[in-house]
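Reviewing the structure listed below.
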Amino acid sequence: MLIKTNSNDFSHALTSEITSQRVYAGRRDLVKLMATGVAGAALASWASREAHAQVAGATPRPGKLTALPGAKSGVAGAITMDKLTEYKDASSYNNFYEFGTDKADPAKNAHTLKTSPWTVEIEGLVKKPAKYALEDLLKLSAQEERIYRLRCVEGWSMVIPWVGYSLSELIKKVEPLSSAKYLEFVTQADPKTMPFVGSRVLDWPYVEGLRMDEAMHPLTLLTFGMYGEVLPNQNGAPVRLVVPWKYGFKSGKSLVKIRFTDKPPATAWNKAAANEYGFFSNVNPEVDHPRWSQATERRIGEDGLFAKKRKTLMFNGYEAQVGQLYAGMDLKKFF
Ligand SMILES: Nc1nc2c(c(=O)[nH]1)N[C@H]1C(S)=C(S)[C@@H](COP(=O)(O)O)O[C@H]1N2
Ligand SMILES: [Mo]
């Protein structure tokens, strides 16, 4: 598969500049969003952010989807100095097996996904089980923009400005019991709107899991948007997880349920091939996949004739932030 490498507005700017400058939404979009009750407190900072954008001359991407207000990330290490992957690559080269196993399938097929109405159920070992309508989930905490690398287990990576808030905000609201040690993330599996949910590649629904401390880590993002807009269906609309120090498959798309458990949940890829996909699945250049090396990666958008492969970084470059979560663990055994 060949990806075109046209430059875009973001290519030449440093990411640190982008995060402080960028404003995507037109005022009309924001007003529309206000009407649906989504924008919330973000409006307060709108005027100042708009001023920033004008001073810096930043050009917002012409929005196709509804704008999601994002603010500058306050999480240390969340901002990379890498160039952003182009929107058209990030939204056309996807893994979303419910819509087919080819990278181009999700963009072609995911228009059938019905993202409204949408609810996310919280159940299991919590004091306050709940059923959140998407609108309420969106308002639960302030949306931030976070530029994260996403490293797929197959050997490619992207750099995407996600919009959401730390999953820990939601976890605190529902008050886990002390017996809750793991979270199970259950995603949508509707054969009527997801053509490949009938297929036998995976055991549906697509399920993922995190240990409590991983789920509580501020980098773990409950994600509603990217590039300042609501998620395109193929990227996991209307709400997904992004866990940037783990292989991409840990970041479940189109979440419908989060269950708090006392045992590690059985995850879709672990069930499909336990020797290839462990529960932790932390990005680790020193632990090869049984069928290929994990030492290097190809950045999507850079795969021209002379593009070099990049060295894969321990914990995808987030070692300073998350390394201590695994202190003393044998990462070859707990891969
Ligand atoms: N529900 C669901 N979530 C999923 C997947 C999937 O097939 N189904 N694929 C995963 C894999 S393998 C990757 S690499 C990322 C890709 O996210 P992206 O398409 O937004 O880059 O989504 C993950 N989340
Ligand atoms: Mo992946």
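Only this structure's heavy atoms are used, side chains among them; waters, hydrogens and symmetry mates stay out. We count ligands from 1, going down the list as the structure has it; atoms in each ligand are counted the same way.
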**Message:** Using ring centroids (six-membered ring only for Trp), state whether Tyr318 and Phe315 fall under 6.0 Å.
**Reply:** no

**Complete:** Within 4.0 Å of some non-hydrogen atom of Cys152, the atoms of ligand 1 are 14 (S)

Please classify the [X] to ligand 1 contact at 4.0 Å (heavy-atom distances, strictly less than): side chain, backbone, both or neither.
| X | result |
| --- | --- |
| Phe96 | both |
| Glu208 | neither |
| Thr187 | side chain |

**Request:** Check Phe334, Tyr247, Trp269, Tyr182 against Phe279 for a ring pair (Phe, Tyr, Trp, His ring centres under 6.0 Å) and give me the one that passes.
**Result:** Tyr182

Taking NZ, NE, NH1 and NH2 as the nitrogens, is one of them in [X] or [Y] under 4.0 Å from a carboxylate oxygen of the other?
| X | Y | answer |
| --- | --- | --- |
| Lys309 | Glu297 | no |
| Arg310 | Glu302 | yes |
| Lys332 | Asp330 | no |
| Lys114 | Asp190 | no |
| Glu208 | Lys246 | no |

How far is [atom] from its nearest protein heavy atom, and which residue and atom name does that atom have?
| atom | value |
| --- | --- |
| atom 7 (O) of ligand 1 | Tyr97 N, 2.7 Å |
| atom 21 (O) of ligand 1 | Leu150 CD2, 4.0 Å |
| atom 6 (C) of ligand 1 | Tyr206 CE1, 3.4 Å |
| atom 24 (N) of ligand 1 | Ser251 O, 2.8 Å |
| atom 20 (O) of ligand 1 | Arg240 NH1, 2.6 Å |
| atom 22 (O) of ligand 1 | Lys253 CE, 3.3 Å |

**Prompt:** Of Leu137, Leu134, Asn233, Leu138, which meets side-chain contact (heavy atoms from CB on, under 4.5 Å) against Pro238?
**Reply:** Leu134

**Minimum non-hydrogen distance to atom 5 (C) of ligand 1, winning option of Asn235, Thr85, Asn95** = Asn95

**Prompt:** So is Glu98 close enough to ligand 1, meaning a heavy atom under 4.0 angstrom away?
**Reply:** yes

**Request:** Using non-hydrogen atoms of the residue, decide whether Ser254 is closer than 4.0 angstrom to ligand 1.
**Result:** no

**Message:** Tell me whether Lys271 at atom NZ has more than 12 heavy atoms from other residues, nucleotides or ligands lying less than 6.0 Å away.
**Reply:** yes

